[in-house]
Amino acid sequence: MTAAQLSSMLREREISSLELTKAYLDEIQRRDKKLNCYVLQCPELALEQASRADERLAKKDSLTPFTGLPIALKDIFITQGVETTCASKILKGYIPPYDGNAASRLKAAGAVLLGKLNMDEFAMGSSNEFSSFGPVKNPWNQECTPGGSSGGSAAAVAAGLAPIALGTDTGGSIRQPAAFCGTVGLKPTYGRVSRYGVIAFASSLDQVGPIAQDVRDCAMMLGAIAGHDPMDSTSIETPVPDYVAALKGDVKGKTIGVPAEYFVSGIDTEVESAVRAAAKTLEGLGARVVEISLPHTKYALACYYIIAPAEASANLARYDGIRFGHRASGNHDLADLFKASRTEGFGAEVALRIVVGTYVLSSGYYDAYYLKAQKVRTLIKNDFLEAFKSCDAILAPVTPTPPFKLGEKTDDPIQMYLNDIFTIPVNLAGLPGMSLPCGVTGSGLPIGMQLIGKPLDEAGLMNIAYAYEQATAWHKNIPVF
Amino acid sequence: MSSYEAVIGLEVHAQLSTESKMFCACSTSAGSPPNTNICPVCTGQPGTLPVVNRRAIEMAIKAGLALGCKIERRSIFARKNYFYPDLPKGYQISQYEFPLCLGGGVTISTEGGKKTISLIRIHLEEDAGKLLHDYGHPDMSHVDFNRCGVPLIEIVSGPDMRSPKEAGDYLRTLRNVLVYLDVCEGNLQEGNFRCDANVSIRPVGRKEFGTRTEMKNLNSFKAVERSIAYEIERQTKVLESGGTVSQETRLWNDVAGRTESMRSKEEAHDYRYFPDPDLLPLIVEEDWIARTRSGLPELAGAKAERFVSNYEIPRADALVLTDDRALADYFEAVIASGAPARKAANWITAELMREIKDDERGIAACPIAPANLAGLIKLIEEGKISGKIGKDVFEMMFKTGRAAAEIVAELGVEQISDSSAIESAVDKIIAENPKQVEQYRGGKTAVLAYFVGQVMKATKGQANPQMLNDILKKKLET
Ligand SMILES: [Zn+2]
């Protein structure tokens, strides 16, 4: 059942929050062993929150769509009093002294926190295999990856282990796992949702968003978490529209751009035909489909793999073993203490990116790498702005391939990075992008399509997605595992 | 004589006097127990973000305007990366390529007249925490994050100073400007006004700079001047003995009176500065600058002019009094308590300044309340005590902080202005010294001083000198 359906049952008192929460906790207990979505369950807290929500529901006291609704958060979200590790050994045992913006908004709305979801360590990865808690398995095929880095979030929602979840997206970390697990994921415009209390990976790219069962749930969650936050200087002050009310399902007169550069050689044929079929469906609903060009697309990956590691190298400097998290044992002088704590605490992929980031910022290399990448970033952003002069939204694949096998790309970072080739440009441009199911492969794996919108046009974007969803049934598929 | 010329530039870190920290709402108050003025943001907890304190920006703009800088409409916060336990994020938020203020200068007086020391830039940054050793555990160090995130401005001078004295004068003048502006408390000992000195020497007449060393740990104006003098001498010896000065950071050892090598150029950090993506470019609108400019307080120069024209005191006194805002305020408080301006200026510039001249706290070291100094001046003006006794009373006031009248009463040194009392004392002395009377009447009028002395001795110096003079002359000449 969708979050919206559960929400209305709670409001109508057809089910209590306590009953619903218990049911989810039981499901997680029973079935998550196979998938490894949760890195932490907090049943006591959840039951306490549920009973408080029930009181609120009984009194009809400032109800929101989330009052009494169980949710789960990627372990990158800071939750006061609930261990938050970002799936890294270096933060093992870290109990945050505060709530992040998303956590506190949802808490205030009356949501019930089921637990924290698995991810790639510090959100660095595209397969959820770089987690100190071990990989998450794709509920559609347990030999396959659920995608990453928000693999736990997407798999949990697909598998019915959470009605709805939050993820973060730095280069595709919401959209790619959403696609791989047959769920709906939205990365909002940069600045639409506060980053306060989200453990930073790459600050100029990170953005919070929902992973949900359908577009309506997605809109419901965005409404709860979007808006200006004085604690985040990069958050935008524009008012938040009623996203659910904006879902009219009418795309007549809308122009959908399809970028030529996103159908490159090497793209999986099943993925390509599913996305092209989606274009036809939208056309059938009255939209006009036009080919567009995003000429600098081919530089996006290189640009991203300079900017993201550069920012990460500084963001991850605070994990030094002094104030919290892992500290190497034994007697060390200062430099050795830093070195030993960090060497022991970080996984190999994180270490690799810190080294790359440190290198590109080094004196003598800064101009050639970081500064150049910033210029390229502007070109990529301009590509999109130019394209939006002739279309309302862009339709593209989310990934070049359907879900791949666990272990298939872990030894080859380039192959792994190429998986994000269609999602990365959207982060570089700061635009809203979403992923929704648009097909199934011959072997029964989900295929996702990507919709990219104008800055702050989440409502328009979700409306197109909603129209497509109404016309198709892909989102109704449920994995059996 | 040395054939070398010193080239000195100073980098000053001034703590801005804001209530709250640069990027969070924590208090900046010093002296709190360790780690009580902290929050998730200033301890670098995962997921936290900085938010700029507008008061800090405003204070930096004030400093920039008062020092003649160009205020940049757009400046950028950057991350300065290095590892240290007192730096919780592993980077310091500072400004690098695009600072808030460019240019400007500080004018000092030298033997050759006025000289303007140029400023290269002023930028904003956050302070780090403090390591505490020997804090309850012999084998451990502790970190106090109270100071972490406190706003600083770094003021970088051009390499324009040529002597330790010029460096000291620059520093004092700069400090006074910041204190006048109320943007910094300016206390070197307490570390809210810190200075690093870059020193090199070159043969007189050469344009190129020599290799410079940077000196740290300069905790007083004296330490700044002494360390620079030491370093000039050390570098001169190195060059004269055929060696080369190596580029390095040196630590001033105040007790030993020497600089000691701390780290060489090779060991210098690569800070990997880059724009902080958590903060938007700092945009300073024109009207914000205009508003700040119109709100600037009266600075030393303008104050000195006002003192000359309003109080009719000598310009030299006005300059001394306005050199330090607290001293100028003291002067005006003495006047407000009823003392004539010229007398007040005299007492402060002569007697008071002599007492505090060796104390870096300045007028804050003076225990005499302005009203009490005014009281002392009044006693003299009214003839209740002599000027000479007044100086003794002043000294006691300085030692005890007590009021003049109280001390005068206690000592019984009130001046004798009763003419009959003076007359009888004079009669007695004249009667006892017939020989001197004869000499005086014989035309040797210099003998008058002898009589004055004798009467003063007899009255314990309490006779009103003017009256004594008149009475003596009258009696001797009749
Ligand atoms: Zn704080």
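Bear in mind the structure is a predicted one, so any value in this text is a computation, not a measurement.
Residue contact with chain B, scored on non-hydrogen atoms closer than 4.5 Å, involves the backbone of A:Ala310 exclusively. Residue contact with chain B, scored on non-hydrogen atoms closer than 4.5 Å, is absent for A:Pro96. Only the side chain of A:Tyr94 comes within less than 4.5 Å of a heavy atom of chain B; its backbone N, CA, C and O stay farther away. Neither the backbone nor the side chain of A:Phe122 comes within less than 4.5 Å of any heavy atom of chain B. Residue contact with chain B, scored on non-hydrogen atoms closer than 4.5 Å, involves the backbone and the side chain of A:Asn315 alike. In this structure, the portions of A:Leu361 lying under 4.5 Å from any heavy atom of chain B include both its backbone and its side chain. Contact annotation for B:Tyr273: only backbone heavy atoms (N, CA, C, O) come within less than 4.5 Å of a heavy atom of chain A. For A:Tyr98, the part lying near chain B is the side chain, with the backbone staying farther off; criterion is any non-hydrogen pair under 4.5 Å. Looking at B:Asp278, both its backbone and its side chain come within 4.5 Å of chain A, counting heavy atoms on both sides. Using a 4.5 Å cut-off between heavy atoms, A:Thr358 contacts chain B through both its backbone and its side chain. The part of A:Leu91 that comes within reach of chain B is its side chain, from C-beta onward, which places non-hydrogen atoms under 4.5 angstrom from that chain. At a 4.5 Å heavy-atom cutoff, the contact between A:Ile78 and chain B is made by side-chain atoms alone.
Classification of A:Glu344 and A:Arg342 as a salt-bridged pair fails, no side-chain N sitting under 4.0 Å from a carboxylate O. Ion pair B:Arg194/B:Glu11 not flagged as a salt bridge, since none of the NZ, NE, NH1 or NH2 atoms sits closer than 4.0 Å to an Asp/Glu carboxylate oxygen. Between B:Arg79 and B:Asp276 there is a salt bridge, with a side-chain nitrogen of the basic residue lying less than 4.0 Å from a carboxylate oxygen of the acidic one. Comment: A:Asp75 engages A:Lys116 in a salt bridge, judged by a side-chain N to carboxylate O separation of less than 4.0 angstrom.
Looking at A:Leu40 and A:Thr84, their side chains never come closer than 4.5 Å, going by heavy atoms from C-beta outward. Annotation: side chain of A:Leu113 is in contact with side chain of A:Cys42 (closest heavy-atom distance under 4.5 Å). Looking at heavy atoms from C-beta onward, B:Val199 lies out of side-chain contact with B:Arg212 at the 4.5 angstrom threshold.
With chain B as partner, the option from A:Ser204, A:Ala200, A:Gly364, A:Gly197 having the largest number of non-hydrogen pairs under 4.5 angstrom is A:Gly197. Taking A:Asp320, A:Leu371, A:Asn101, A:Leu334 one by one and counting their heavy-atom pairs under 4.5 Å with chain B, the maximum is reached by A:Leu334.
Close placement of the A:Tyr359 and A:Tyr365 rings is indicated, their centers lying within 6.0 Å of each other. In this structure, B:Tyr82 has its ring center at least 6.0 angstrom away from the ring center of B:Tyr91.
Identified by a heavy-atom distance below 4.5 Å to chain A, the contributing residues of residues 23-44 of chain B are B:Pro40, B:Val41, B:Thr43, B:Gly44, in residue-number order. Scanning residues 46-64 of chain B against chain A with a 4.5 Å heavy-atom cutoff picks out B:Pro46, B:Gly47, B:Thr48, B:Leu49, B:Pro50, B:Val51, ordered by number.
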Walk me through whether B:His123 and B:Glu125 qualify under side-chain hydrogen bond (donor to acceptor under 3.5 Å, both in side chains).
CA-CA 7 Å; B:His123 70 250; B:Glu125 61 187 29; 3.0 Å; yes
Going through the distances and angles, do B:Lys70 and B:Glu72 end up as a salt bridge (Lys or Arg N to Asp or Glu O under 4.0 Å)?
CA-CA 6 Å; B:Lys70 179 168 173 282; B:Glu72 294 290 291; 2.7 Å; yes
I would like to know whether B:Gln95 and B:Ser75 meet side-chain hydrogen bond (donor to acceptor under 3.5 Å, both in side chains); could you show each step before the answer?
CA-CA 8 Å; B:Gln95 294 190 308; B:Ser75 63; 3.0 Å; yes
Walk me through it: do B:Asn219 and B:Asn217 pass the test side-chain hydrogen bond (donor to acceptor under 3.5 Å, both in side chains)?
CA-CA 6 Å; B:Asn219 295 325; B:Asn217 197 37; 3.2 Å; yes
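Checked against B:Glu126 for a salt bridge (Lys or Arg N to Asp or Glu O under 4.0 Å), the options B:Lys89, B:Arg147, B:Lys21, B:Lys80 give a single hit: B:Lys89. Remark: of the listed residues A:Tyr366, A:Tyr369, A:Tyr370, A:Tyr370 is the sole one forming a ring pair (Phe, Tyr, Trp, His ring centres under 6.0 Å) with B:Phe274.
Counting heavy-atom neighbours within 6.0 Å of B:Glu19 CD, excluding the residue itself, gives a total of 12 or less.
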